[in-house]
Trainee: 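Before we start, here is the structure in question, set down as structure tokens.
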Amino acid sequence: MAQKRKARAGVVIAVLGAGAVVAAAVLIALAGARGLAWAGEQKAARRGEIDRARLMAADQHPGEWLTTGRDFGKGHYSPLAQINRANVGRLGFAWQYDTNTIRGLEATPLVADGVMYTSGSVGQVYALDAKTGKEIWTYQPHNDLRVNQRSCCDEVNRGVAVWKGKVYVASYDGHMIALDAANGKELWSADTIVDHKKAYVSSGAPQVAGQVVVIGNAGAEYDARGYVSAYDLDTGKLAWRFFTVPGDPAKPQENPELDAALKTWDPKSNWPMGGGGTVWGDMAYDPDLDLVYFGTGNGTFYDQSRRSPSGGDNLYIASILAIHAGTGRLAWYYQEAPGDAWDYDATQSVILADLKIGGANRKVLMQASKTGFFYVLDRKTGELLSAEKFVPVTWADHVDRKTGRPVLMPGVHDFKNNFNGKVFMHPSSMGGHNWDPMSYDPKTGLVYIPEIENDDAGLFSGKTYLRAWDPIRGKHVWETPAGHWWDHAGVLATAGGLVFQGNGPGRMIVYDAATGKPLKEIEVGSTIIAAPMSYEIDGVQYVAVMAAWGGGGWSWVHPEDAVVQRGNEGRIIALKLDGGAVPIPPLLPPVGPIPQPPAQTASAEVVKQGGALFGGHCAACHVNQPGSLAPDLRRMSKDTHDAFSQIVLHGILQNAGMPPWDDVLSQADADAIHAYLISISWDAYNKQQGGAKN
């Protein structure tokens, strides 16, 4: 294990066949072995040879999974039917792989030529034998973890792209990287970040589109300005860049579409804050139309009066955009939430499909949005074909089919009341559907959506459902019982009449695709939020999923979740018919009592100052409650108290996800935060001891 971890600290592990090194004296005797090794090297050299013809013929090779959503339409649907309603009760363990990570895993793996490719939390890449789970090679990017200082939602990565012998991945600190699919060797790396002083990170999966690979970024919760960048597949040279929101009108705009967008912003907008509109979710590409599709994020600030004081639509935030992959020019856009004031990113997964609507066959794009509306658009023109509510919606009455605009309810731009608990919007800022991939089954004609419904008690009090949606009729067909809101996970549908979804308590649940009836429940012992996928090797169908908790609200967990009970060691788990029981991680030891803190030597004023600094910089991760993924800092040991400045300012625990903050905080700031933590630790300790005073 130590040797394995040491290899992962470097760049590449290459697995060589037997006979790779032979003594000269036995060359003739081992000629056969050498021939086998040569054959293995030739097979390795052909790994990842996905091209347009192969992708467009994906249905003719149902055993492969060639994009994060399987095919170019990214429907998260497998045509395999070996595992079906009649025999799913026999589903069991095939193999597992330890990713050696402890943060969120959101990627959907790819499988081509018997090799599984997928990514870890900060852009690690794993190439595995898809039949056995045996490691072929791994890649560890050299991330600058200072980006964690202002990263919204955990260290996560949503997958890789594989194309013509290369594996493409985005590192968390914003590099677009191409690797050799045969051995994991880095071929090129491009810095995608235009301003490293801004809060940019990259968490999305790259999208191959024609001759380029496209990637966006996250950061709209802070001060980022959205854009996507396209790089030459072979060289990594920047081909084009499309900014999704305008910059300061006193300066030239980077692309002509921004001149029109400027008219929808107040000239006195808060340009230094970037505007938002980041592109951090899934993309899709239609090879016939040569259009790449993606959604854009919320505006910065959420409060439009602070972003664009006089209002306006604020293009192109909260929109779906179609870009010509060859030129980087805008083909069309559709804005889901004009003047967004509710954190209604449009970055949820999009599915490209052919539907018969009004008696005509239409090439469509479908999205179940955070807004609570299920949109069906003509993917060639952007024409709105349908927009129906799939969860309770109070911010808009309906979407006008002629104009495509939502008809707003009174008072919805009252930011102060909408976010202080007096009026709680539906959906909440978590959305009716978030990043978790939905799936589309062309046999049933249904879309399976991991939905969220909030109540009026607050952001973290919602419920989740798995529901089947008919996109033609615009209505639900069935639903599952509700779980707590962070129990949502991505979805897989298969031709076996099944729908697969993991959950927080660490179970893989299999449903009847036609009725929603639970057919099988498998205990895996790890929280699942990623979407499962399916593939076939040597006549055996597998279902695989990445398992570890993270993402939006990542520091908030439920006592029943496996991450609380058994930890968050990342795993890839594969299932097959007649497999055994899945190995379950051991229970974590009980949480011990709060140790006696050191004496408080700071003044009340310094403690108050430290509390404000903690709230501004630390509280998003350190919620200081039992079961939280980030350490409960009321429980710091003496050694941790002694090393507090080294941890906070100089990053001695950065390999555990705690970056250095010396470029943001001074020594006095760190001391004030420490004083605040000592104060709240004494409060908790005294309560634990029955009210004693320090």
Side-chain angles (χ1 to χ4, degrees), residues 102-103 144-155 197-199 221-223 273 301 419-421 458-460 553-557 564 589-694:
I102 57 171
R103 305 299 280 266
D144 178 0
L145 291 182
R146 289 180 187 271
V147 298
N148 286 355
Q149 293 170 353
R150 290 190 296 169
S151 58
C152 161
C153 307
D154 193 17
E155 300 171 352
K197 295 179 181 178
K198 301 288 187 179
E221 269 61 46
Y222 299 97
D223 58 358
M273 288 305 295
F301 300 92
F419 282 84
N420 71 0
L459 175 61
F460 298 105
W554 74 276
S555 57
W556 295 85
V557 289
V564 177
V591 177
I594 293 175
Q596 181 173 325
Q600 179 64 271
T601 59
S603 67
E605 182 179 352
V606 170
V607 170
K608 182 178 179 181
Q609 177 190 2
L613 289 166
F614 182 88
H617 298 295
C618 317
C621 296
H622 294 281
V623 296
N624 293 337
Q625 67 177 20
S628 171
L629 289 186
D632 181 348
L633 299 181
R634 301 170 304 171
R635 299 173 181 274
M636 286 189 288
S637 66
K638 180 181 183 303
D639 289 344
T640 303
H641 279 290
D642 290 344
F644 189 83
S645 290
Q646 292 296 311
I647 294 169
V648 173
L649 296 179
H650 304 301
I652 64 172
L653 294 182
Q654 62 180 329
N655 288 338
M658 175 64 188
W661 286 76
D662 57 338
D663 58 334
V664 176
L665 302 173
S666 67
Q667 182 65 58
D669 292 336
D671 291 342
I673 292 172
H674 194 195
Y676 166 74
L677 292 172
I678 290 173
S679 176
I680 64 171
S681 298
W682 271 112
D683 291 342
Y685 178 78
N686 288 335
K687 183 178 180 180
Q688 169 186 280
Q689 300 302 108
K693 301 294 184 181
N694 62 313

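Just so it is clear, the structure is predicted and the values come from calculations on it, not from any experiment.
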Trainee: Determine yes or no for a side-chain-to-main-chain donor-acceptor pair under 3.5 angstrom, with Q646 supplying the side chain and G651 the backbone.
Mentor: no
Trainee: Taking R635 for the side chain and V591 for the main chain, is one N or O donor matched with an acceptor at less than 3.5 Å?
Mentor: no
Trainee: Say you draw a straight line from CG of D683 to CD of Q688; how long is it, rounded to the nearest 0.5 Å?
Mentor: 12.5 Å
Trainee: Quick check: closest heavy atoms across I647 and M658, and the distance to 0.1 Å?
Mentor: CG2-CG, 4.0 Å
Trainee: For S666, is there any backbone N or O sitting under 3.5 Å from a side-chain donor or acceptor partner on D669?
Mentor: yes
Trainee: Determine the minimum heavy-atom distance between Y222 and M273, stating which atoms define it.
Mentor: O-CE, 3.0 Å
Trainee: Would S679 and Q600 count as a side-chain hydrogen bond (donor to acceptor under 3.5 Å, both in side chains) if you check the C-alpha gap in whole Å, the side-chain angles of each, and the deciding distance to 0.1 Å?
Mentor: CA-CA 7 Å; S679 176; Q600 179 64 271; 4.6 Å; no
Trainee: Drop me the distance from K608's NZ to L613's CG, to the nearest 0.5 angstrom.
Mentor: 12.5 Å
Trainee: For the CD1 atom of I594 and the CG atom of D632, what is their distance to the nearest 0.5 Å?
Mentor: 6.0 Å
Trainee: Are the charged groups of D642 and K638 less than 4.0 angstrom apart, N to O?
Mentor: yes
Trainee: Looking at L677, D639, L649, I678, which one forms a side chain to side chain contact (heavy atoms under 4.5 Å, CB included) with F644?
Mentor: L677
Trainee: Between C618 and I673, which heavy-atom pair has the shortest distance, and what is it?
Mentor: SG-CD1, 4.2 Å
Trainee: Looking only at heavy atoms, which two atoms of A199 and D223 are closest? And how far apart?
Mentor: N-OD1, 2.9 Å
Trainee: Can you confirm whether Q667 sits close enough to S645 that some side-chain heavy atom of one is under 4.5 Å from a side-chain heavy atom of the other?
Mentor: yes
Trainee: Nearest heavy-atom pair of R634 and P595: which atoms, and what distance?
Mentor: O-CD, 4.4 Å
Trainee: Might you point out which heavy atoms bring Q596 and Y685 nearest each other, and give the distance in Å?
Mentor: OE1-OH, 3.4 Å
Trainee: For a side chain to side chain contact (heavy atoms under 4.5 Å, CB included) check, start with the C-alpha distance between H650 and W661, then their side-chain angles and the critical distance, and finish with the verdict.
Mentor: CA-CA 7 Å; H650 304 301; W661 286 76; over 6 Å; no
Trainee: What orientation do H674 and H641 show, parallel under 30°, tilted 30 to 60°, or perpendicular over 60°?
Mentor: parallel
